[in-house]
Trainee: 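Right, I'll just put the structure down here and ask away after.
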2 protein chains.
Amino acid sequence: MSQPRTRIQARNQETILQAALDVFSATGFRGATLDQIADVAGLSKPNLLYYFASKEAIYTALLSGLLDTWLDPLRTMRADGDPVQELLGYVRRKLDLARDYPRESRLFANEILQGAPRMRAVIEGDLADLVAEKSIVLTQWMDQGRIARLHPVHLIFSIWALTQHYADFDMQVRAVLREEGRDPYPAAREYLETLFRKLLTP
Amino acid sequence: MSQPRTRIQARNQETILQAALDVFSATGFRGATLDQIADVAGLSKPNLLYYFASKEAIYTALLSGLLDTWLDPLRTMRADGDPVQELLGYVRRKLDLARDYPRESRLFANEILQGAPRMRAVIEGDLADLVAEKSIVLTQWMDQGRIARLHPVHLIFSIWALTQHYADFDMQVRAVLREEGRDPYPAAREYLETLFRKLLTP
DNA sequence: GGCGTTCTTGACGGGATGGTCAAAACAACG
DNA sequence: CGTTGTTTTGACCATCCCGTCAAGAACGCC
């Protein structure tokens with residue numbers, strides 16, 4: 001049933017995953033209930049379990065389905081572009097992701113916060129590989145004197161931390177800014193651009 | 001029973017809160033069970049409920065008890081010190097907190113990630129007030145040309161994001177660094193010091 | 001329209017979980 | 001010791017929640 005065969009299957013699987021994203025990202029795996037997901041999806045609980053074998057299966061289908069989207073901005077960074085522009089572009093794309101897909105960000109945050117019980121393999125594998133690969137590029141740029149010399153992996157961590165913060169701690173960001181419903185992202189974008197320009201200048 | 005009256009009460013309440021910190025920080029409020037907490041504390045479940053009215057009461061007692069510790073590093077920042085040194089000191093203290101009290105960090109992260117259902121008031125109140133107060137100091141320093149002009153609140157966000165990242169996403173940090181059990185904090189400290197020095201220089 | 005397949009659901013089982021209670025164990029103090 | 005107040009616990013209850021199942025509804029194809 002993993003590959004949808006009929007139109008109804010495609011539609012309902014998508015509906016279920018969207019509802020599950022809503023609920024899992026808001027309360028974590030343990031906090032979510034099948035009844036809630038069924039409710040949001042507008043389906044009955046047994047119907048959910050007709051399309052997915054278990055609560056766990058819905059959750060892992062979500063995670064693995066979203067992982068590629070999540071890593072794309074880093075993959076897109078090109079070794080043959082202008083280093084500062086490439087990095088600023090990565091920051092910008094990552095911040096756009098935080099703004100446009102906050103549920104996805106919180107889903108991953110929740111998972112990693114609890115020690116990534118269901119993602120450990122992919123983090124230690126694909127993700128670590130990708131970072132290692134990009135670190136080589138960053139180190140080359142530093143060797144060429146085109147950006148400041150910094151620890152490449154901590155540089156990537158800082159991009160993750162600063163961009164995802166706006167999605168994961170959105171509630172706190174808005175409460176502390178006290179700008180009644182105003183979008184915090186334009187100022188964040190400007191701030192992060194300044195920060196990374198200054199940081200990367202040799 | 002909130003103020004311990006006997007030695008036994010003081011000891012057991014402390015034992016329970018420590019065990020609860022362990023369990024709540026690892027799995028969130030919904031994910032934690034009283035049986036787990038009782039097990040870690042080495043007490044029976046009814047005994048837990050002799051000292052605290054409910055699971056909820058344990059959780060809120062934890063949160064409010066730890067909040068002061070959590071905000072202290074920011075409070076400690078003095079308006080009459082050297083601006084760059086004060087800010088770097090804040091970064092260092094916050095990073096030390098992440099290293100020495102990761103459970104506390106994850107507890108708060110979990111709570112805010114889920115929209116702070118039990119902390120909204122204090123975030124919109126005390127925390128927002130403290131940030132507003134310190135923002136004034138930061139703005140004065142900028143007006144005097146002693147640090148670069150930046151959005152003061154986003155500057156504080158960036159300190160939170162960059163330091164707490166090492167506690168909250170510890171699993172990912174260690175997996176991506178691939179340095180088998182090596183302490184990531186020395187390099188983090190050096191990286192963050194460089195980052196903020198460059199950022200704050202006018 | 002008839003018929004096999006796919007989809008949907010009400011009712012239910014079983015285990016986990018927060019919380020109660022009454023009685024037993026223990027401590028403190030005369 | 002004996003009495004009084006504190007602490008501890010085994011047994012239990014009610015509810016929640018994941019997952020099952022059998023039967024019915026809808027669909028697709030002839």
Side-chain angles (χ1 to χ4, degrees), chain A residues 1-64 107 110-111 114 117-118, chain B residues 1-64 107 110-111 114 117-118:
Chain A
M1 175 94 44
S2 46
Q3 307 299 62
R5 319 168 75 79
T6 76
R7 229 153 306 175
I8 293 180
Q9 281 178 25
R11 175 171 53 80
N12 281 352
Q13 284 185 20
E14 191 48 37
T15 306
I16 291 169
L17 289 176
Q18 280 300 316
L21 178 56
D22 249 39
V23 178
F24 281 131
S25 69
T27 56
F29 180 76
R30 264 318 271 320
T33 73
L34 287 179
D35 283 300
Q36 280 177 79
I37 298 173
D39 202 46
V40 173
L43 299 171
S44 69
K45 184 172 55 172
N47 208 1
L48 255 60
L49 294 164
Y50 173 73
Y51 289 102
F52 293 90
S54 64
K55 180 184 176 182
E56 180 100 20
I58 301 178
Y59 186 73
T60 53
L62 248 190
L63 282 182
S64 57
L107 185 76
N110 239 312
E111 174 67 11
Q114 317 205 342
R118 297 167 180 85
Chain B
M1 175 93 43
S2 46
Q3 308 297 63
R5 320 171 73 78
T6 77
R7 227 153 309 174
I8 294 179
Q9 283 178 23
R11 174 171 54 80
N12 282 351
Q13 284 186 18
E14 191 49 36
T15 306
I16 292 169
L17 288 177
Q18 280 300 315
L21 178 56
D22 249 40
V23 178
F24 281 131
S25 69
T27 55
F29 180 76
R30 274 304 291 293
T33 73
L34 286 178
D35 283 301
Q36 280 178 78
I37 298 173
D39 201 47
V40 173
L43 299 172
S44 69
K45 183 172 58 170
N47 208 1
L48 254 60
L49 294 164
Y50 173 73
Y51 289 103
F52 292 90
S54 64
K55 180 183 177 184
E56 180 100 21
I58 301 179
Y59 187 74
T60 53
L62 248 190
L63 282 181
S64 58
L107 185 76
N110 239 311
E111 173 67 11
Q114 318 206 341
R118 296 167 181 84

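Order of the sequence lines fixes the chain letters, A, B, ..., with proteins taken first and strands second; residue numbering starts at 1 for each chain.
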Trainee: What is the distance, rounded to the nearest whole Å, between atom CZ of A:F52 and atom C1' of D:dC18?
Mentor: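 A:F52 atom CZ is separated from D:dC18 atom C1' by 16 Å.
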
Trainee: Report all interatomic pairs (protein N or O, nucleotide N or O of nucleotides 8-10 of chain D) with separations under 3.5 Å.
Mentor:
from  : atom 1 : to    : atom 2 : distance (Å)
D:dT8 : OP1    : B:N12 : ND2    : 3.4
D:dT8 : OP2    : B:N12 : ND2    : 3.0
D:dT8 : OP2    : B:N47 : OD1    : 3.2
D:dT8 : OP2    : B:N47 : ND2    : 3.3
D:dT8 : OP2    : B:Y51 : OH     : 2.7
D:dT8 : O5'    : B:N47 : ND2    : 3.3
D:dT9 : OP2    : B:S44 : OG     : 3.2

Trainee: Could you check whether A:A32 gets within reach of a base, just the sugar-phosphate, or nothing at all, counting any heavy atom under 4.0 Å?
Mentor: sugar-phosphate

Trainee: Roughly, in whole Å, what's the span from CG in B:D35 to P in C:dA16?
Mentor: 10 Å

Trainee: What closest approach, in Å, do A:S44 and A:A38 show between heavy atoms, and which atom pair accounts for it?
Mentor: C-CB, 4.0 Å

Trainee: Using side-chain heavy atoms (C-beta onward) and a distance below 4.5 Å, is B:F52 in contact with B:L48?
Mentor: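 Not in contact.
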
Trainee: Answer yes or no: is there a side-chain heavy-atom contact under 4.5 Å between B:N47 and B:I16?
Mentor: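 They are not in contact (no side-chain heavy atoms under 4.5 Å apart), so the answer is no.
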
Trainee: Once you round it to whole Å, what is the distance between P of D:dG19 and CD1 of A:I37?
Mentor: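 About 11 Å, once rounded to whole Å.
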
Trainee: Quick one: is A:R30 getting a side-chain N or O under 4.0 Å of the D:dC16 phosphate, OP1 or OP2?
Mentor: no

Trainee: Output the single nucleotide from C:dG19, D:dC18, C:dC7 whose closest atom is nearest the side chain of A:K55.
Mentor: D:dC18

Trainee: Does A:T33 make a side-chain N or O approach to OP1 or OP2 of D:dC16 shorter than 4.0 Å?
Mentor: no

Trainee: Tell me: CD of B:Q36 to C1' of C:dT17, nearest whole Å?
Mentor: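 Taking atom C1' of C:dT17 as the reference, CD of B:Q36 is at 11 Å.
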
Trainee: If you define the side chain from C-beta out and look only at heavy atoms, does anything of B:F29 sit under 4.5 Å from B:Q114?
Mentor: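 Counting from C-beta outward, B:F29 and B:Q114 never come under 4.5 Å.
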
Trainee: Nearest whole Å is fine: how far is D:dT15 C1' from B:L34 CG?
Mentor: 14 Å

Trainee: Show the nearest heavy-atom pair for residues B:N110 and B:S25, with the distance to one decimal.
Mentor: ND2-O, 4.0 Å

Trainee: D:dG28 P sits how many Å from A:Q9 CD, rounded?
Mentor: 12 Å

Trainee: Check whether any side-chain heavy atom of A:I58 sits under 4.5 Å from a side-chain heavy atom of A:F24, and report yes or no.
Mentor: yes

Trainee: Ignoring the backbone of B:L49, work out which of D:dG19, C:dT20, C:dT6 is nearest its side chain.
Mentor: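 It is C:dT20.
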
Trainee: Rounding to an integer number of Å, can you tell me how far A:E56 CD sits from D:dC17 C1'?
Mentor: 15 Å

Trainee: Without decimals, in angstroms, what is the distance between B:F29 CZ and C:dT17 C1'?
Mentor: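 Roughly 12 Å, once rounded to whole Å.
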
Trainee: Quick test of your reading: applying side-chain hydrogen bond (donor to acceptor under 3.5 Å, both in side chains), list the pairs with at least one residue in residues 29-41 of chain B, sequence neighbours left out, ordered by first then second residue.
Mentor: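 Counting only pairs at least two positions apart or across chains, the side-chain hydrogen bond (donor to acceptor under 3.5 Å, both in side chains) contacts touching residues 29-41 of chain B are B:T33-B:Q36.
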
